[in-house]
Amino acid sequence: MPQNKHLKQVLELLRLFEGGAILAAIDTETTGLNPATDRLLEVGAVRFSKDGVIDTFNQLINPGCSIPYNATRINHITEDMVQDCPTEKEILPDLVKFVSNSILVAHNANFDLKFINTALVRCGHKSLSNRVEDTVKISRSIFPSLESHRLQFLAQHFNIDPGNAHRAQDDARVCMELLLICLQQVSEG
């Protein structure tokens with residue numbers, strides 16, 4: 001079993017998970033990298049517990065601005081795909097209700113949560129206050145010798161079906177499956 005500064009946190013998460021806690025793996029696709037000036041394009045989430053998947057959430061979002069070429073090149077989301085979709089303001093209450101009081105799990109969690117929380121505040125809502133776990137930190141803690149901790153590398157390494165990489169719903173599912181592998185590893189430790 002790995003001995004490092006994150007182990008105590010991972011063991012606590014394992015205890016909560018085995019005790020029946022509900023988690024929500026979450027991912028976003030965005031128009032860029034700056035939550036203050038860029039916008040959400042898609043949010044995907046998977047609520048799950050030790051008993052399996054409870055529900056999924058997936059929504060393309062009309063950002064109210066043009067989508068830069070570099071964003072479309074990565075996530076393959078085009079302006080035509082989002083032109084008739086709801087805005088951030090319209091979908092965020094549904095997302096907040098979906099995640100409820102779940103423990104949030106994301107790969108590079110600061111990025112996704114900064115985008116979601118900035119959008120929530122911009123739309124007149126409070127930021128999420130859920131406990132957040134980052135699978136980048138967890139995977140580094142459990143599998144420190146791997147050459148990369150990028151989500152797509154880890155999916156390939158652990159034979160997780162990536163689905164449509166860089167689409168929110170599939171990346172959220174991969175994040176969930178990665179977390180389960182990490183928790184299994186610690187449990188067997």
Side-chain angles (χ1 to χ4, degrees), residues 1-2 4 6-7 9-11 13-14 16-18 21-33 35 38 40-61 67 70-78 81-82 95 98-99 102-116 130-189:
M1 176 141 27
N4 59 46
H6 298 292
L7 180 58
Q9 185 176 347
V10 175
L11 288 169
L13 180 59
L14 176 62
L16 292 169
F17 182 72
E18 289 177 341
I22 296 175
L23 288 72
I26 193 165
D27 187 68
T28 62
E29 299 302 329
T30 64
T31 61
L33 301 176
D38 292 307
L40 293 168
L41 283 175
E42 185 178 39
V43 177
V46 181
R47 284 188 64 174
F48 64 101
S49 71
K50 67 178 181 178
D51 298 322
V53 172
I54 298 166
D55 201 1
T56 61
F57 179 94
N58 191 48
Q59 182 62 61
L60 283 168
I61 301 166
I67 302 173
N70 283 339
T72 297
R73 188 173 55 81
I74 293 168
N75 57 39
H76 306 290
I77 299 172
T78 66
M81 292 169 66
V82 298
L95 176 65
F98 179 84
V99 300
S102 305
I103 298 170
L104 300 180
V105 180
H107 203 74
N108 192 14
N110 283 343
F111 179 86
D112 296 297
L113 271 293
K114 280 185 182 177
F115 260 93
I116 291 167
N130 303 52
R131 176 179 175 153
V132 177
E133 299 291 342
D134 189 334
T135 52
V136 171
K137 292 176 183 175
I138 292 170
S139 69
R140 284 182 181 148
S141 170
I142 308 302
F143 303 105
S145 63
L146 290 179
E147 65 189 68
S148 173
H149 292 274
R150 289 181 309 105
L151 189 61
Q152 299 315 314
F153 174 87
L154 293 167
Q156 182 177 1
H157 180 80
F158 291 113
N159 295 314
I160 300 169
D161 177 4
N164 290 316
H166 299 293
R167 289 301 302 271
Q169 184 67 51
D170 282 330
D171 284 356
R173 178 191 45 77
V174 170
C175 180
M176 174 194 72
E177 291 184 36
L178 172 62
L179 178 68
L180 295 175
I181 288 169
C182 290
L183 292 177
Q184 177 80 28
Q185 181 73 22
V186 170
S187 173
E188 294 172 354

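Not measured: the values here are computed from a predicted model.
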Item to check | Derivation and outcome, side chain to side chain contact (heavy atoms under 4.5 Å, CB included), residues Met176 and Leu180 | outcome: CA-CA 6 Å; Met176 174 194 72; Leu180 295 175; 4.3 Å; yes

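- Put simply, CD1 on Ile26 and CG on Leu104 are 6.0 Å apart, with the number rounded to the nearest 0.5 Å.
- His157 is linked by a side chain to side chain contact (heavy atoms under 4.5 Å, CB included) to Leu146, Phe153, counting only residues two or more places apart in sequence or in another chain.
- For the atom pair CZ of Arg140 and OG of Ser148, the computed distance is 8.5 Å after rounding to the nearest 0.5 Å.
- In the displayed structure, Gln156 atom CD is contacted under 6.0 Å by at most 12 heavy atoms of other residues, nucleotides or ligands.
- With hydrogens and angles disregarded, no donor-acceptor distance shorter than 3.5 Å links the side chain of Lys50 to the backbone of Phe17.
- Sequence neighbours left out, the pairs with a member in residues 162-183 that pass side-chain hydrogen bond (donor to acceptor under 3.5 Å, both in side chains) are Glu42-Arg167, Gln152-Asp171, Arg173-Glu177.
- Note that CD1 of Ile61 is 8.5 Å distant from OG1 of Thr28, once rounded to the nearest 0.5 Å.
- The two atoms that bring Arg131 and Glu133 nearest to each other are NE-OE2, 2.7 Å, heavy atoms only.
- Checking side-chain atoms of Arg47 against main-chain N and O of Phe98 turns up a donor-acceptor pair under 3.5 Å.
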Item to check | Check against side chain to side chain contact (heavy atoms under 4.5 Å, CB included), Leu13 and Val105 | outcome: CA-CA 11 Å; Leu13 180 59; Val105 180; 5.6 Å; no

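- With rounding to the nearest 0.5 angstrom, the CG atom of Leu154 is 5.5 Å from the CG atom of Leu178.
- Annotation for Asp134 and Asn110: closest pair OD2-N, 4.5 Å, computed over non-hydrogen atoms.
- Contact between Cys182 and Phe143 at its shortest, heavy atoms only, is SG-CE1, 3.8 Å.
- Closest heavy-atom contact between Lys114 and Pro35: O-CB, 3.9 Å.
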Checklist entry - Given Asp27 and Val174, is the side chain to side chain contact (heavy atoms under 4.5 Å, CB included) satisfied, shown in steps? => result CA-CA 10 Å; Asp27 187 68; Val174 170; over 6 Å; no

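- Not a single donor-acceptor pair under 3.5 Å links the side chain of Ser49 to the backbone N or O of Ala21.
- Put simply, the side chain of Ser187 never gets that close to the backbone of Leu183: no donor and acceptor are under 3.5 Å apart.
- Taking SG from Cys175 and CG from Asn108, the interatomic distance works out to 10.5 Å, rounded to the nearest 0.5 Å.
- Taking all atoms of both residues into account, the shortest heavy-atom contact from Gly44 to Ala168 is N-CB, 3.2 Å.
- Panel note: side chain Asn130, backbone Ser102; a donor-acceptor pair is recorded below 3.5 Å.
- Distance CZ/Phe115 to OG1/Thr30: 4.0 Å, rounded to 0.5 Å.
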Item to check | Thr135 and His107: CA distance, side-chain angles, deciding distance, side chain to side chain contact (heavy atoms under 4.5 Å, CB included) verdict | outcome: CA-CA 5 Å; Thr135 52; His107 203 74; 2.6 Å; yes

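- Closest approach of Phe158 and Ile181 over heavy atoms only: CB-CD1, 3.6 Å.
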